[in-house]
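Both counts, for ligands and for their atoms, begin at 1 and track the order of listing.
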Amino acid sequence: MTPITSAELFCRLTVCFASRTCARTNCPAKPIRLERQTNMSVELIKHVFEGDSGGPHLLISAGVHGDEFVPIRAVRELEQLFRKQASETIPLNGKVTLVPIVNQPAFELAHRCGPDGLDLARVCPGNPDGTTTQQAAHDLTQFIRSADYYVDLHSGGKAMSVLPLAGYVMHSNADILEKQRAMARAFGLPFIWGTSANLDGRSLSVARDANVPAIYIEYLGGAEQIEGVDELTQGCLGVMRYLGMIQGKSPLKEQEVIEDPRPGSGHMQVCNPAPMAGILNRDVELGQEVSTGDALGTVTAADNDTATVHAEQTGKVVVVREDMNVNKGDAICVIAERVGES
Ligand SMILES: [Zn+2]
């Protein structure tokens, strides 16, 4: 076996943007305003590690949303690991490409969306002549199309918290779907969620259309984002073991699988919405089982008017809102339904 070689490749995006507010219809996070006018140069950085022996090309990304810090730290941890392995000549079969921060302008704002107010996970495949987010989406799209397999790391950001899970779309190609299921199992998180293949604009939509087997990962979130770097790092290594890119065995873990191919399933920003703006007092926790009609929380408006949000589904709570300050239409929680079970 020959040593891993590494290279850092930079893709430069240059844009000019003026003062803008976050487009509420596109980005579910709070409005932001960039008060200065500036010319901005954004570097989408990737780290490529390649062994001389043959094997697949795996792409791992984080920072599609700028306030998801644990996944970004995990990809940086992987980069350090492979850099160290390169110096110690540990063999790698194939090639791994790491993109720690896809949406750099959003990261600099510590916000889900960049200064253009666009959610990168809604504008894929992007536009090379568009705004920063559209350009980054375009660049990510090229990376995905050049890969054999893809893992996209997320969390709930500052506003939401998500049950640690590996997800994939219910791909119409049975072979790709089976590979995605195996990748999700290999990642080793306790919950696996297969959802609708008909959602567009996501990184996984690009992978779906390019027939690249892909999974996305979610891992907690909220204001205190400290847990999960090691689990995410180990999960990526587990996928690499499944793909035969590195040696070793992953520990067997107990995992629950829910697959829901119905159109629109897996859209986390529209479930169980707040009926009005106000302060949220949430009644449910991640992983809790709820039934249709159960109280999920109460919203109290500025004039003291209150409204209870009732569950619209029966199943497991996989996402909860951590931000107490809600706008009308903000998702309070997401419930994974066990389709076909009575
Ligand atoms: Zn995300």
In the protein, how many N/O/S atoms are under 2.8 Å from the Zn ion (ligand 1)?
-> 4
Salt-bridge test for Arg73 and Glu77: reply yes if a basic N is under 4.0 Å from a carboxylate O, no otherwise.
-> no
Does the Asp148 side chain pair with the main chain of Pro56, one donor and one acceptor, at a distance under 3.5 Å?
-> no
Decide yes or no for Val317 and Glu285: does some side-chain heavy atom of the first lie under 4.5 Å from some side-chain heavy atom of the second?
-> no
Should Lys158 and Asp323 count as an ion pair when the cut-off is N to O under 4.0 Å?
-> no
Could you give the side-chain donor-acceptor pairs of residues 176-183 under 3.5 Å, partners two or more places apart or in another chain?
unit_1	atom_1	unit_2	atom_2	d
Glu178	OE1	Arg181	NH1	3.0
Lys179	NZ	Asp175	OD2	3.4
Gln180	OE1	Ala214	N	3.1
Gln180	NE2	Val169	O	3.0
Arg181	NE	Glu259	OE2	2.8
Arg181	NH2	Glu259	OE1	2.9
Arg181	NH2	Glu259	OE2	3.4

Is it true that atom CD of Gln80 has more than 12 heavy atoms of other residues, nucleotides or ligands lying nearer than 6.0 Å?
-> yes
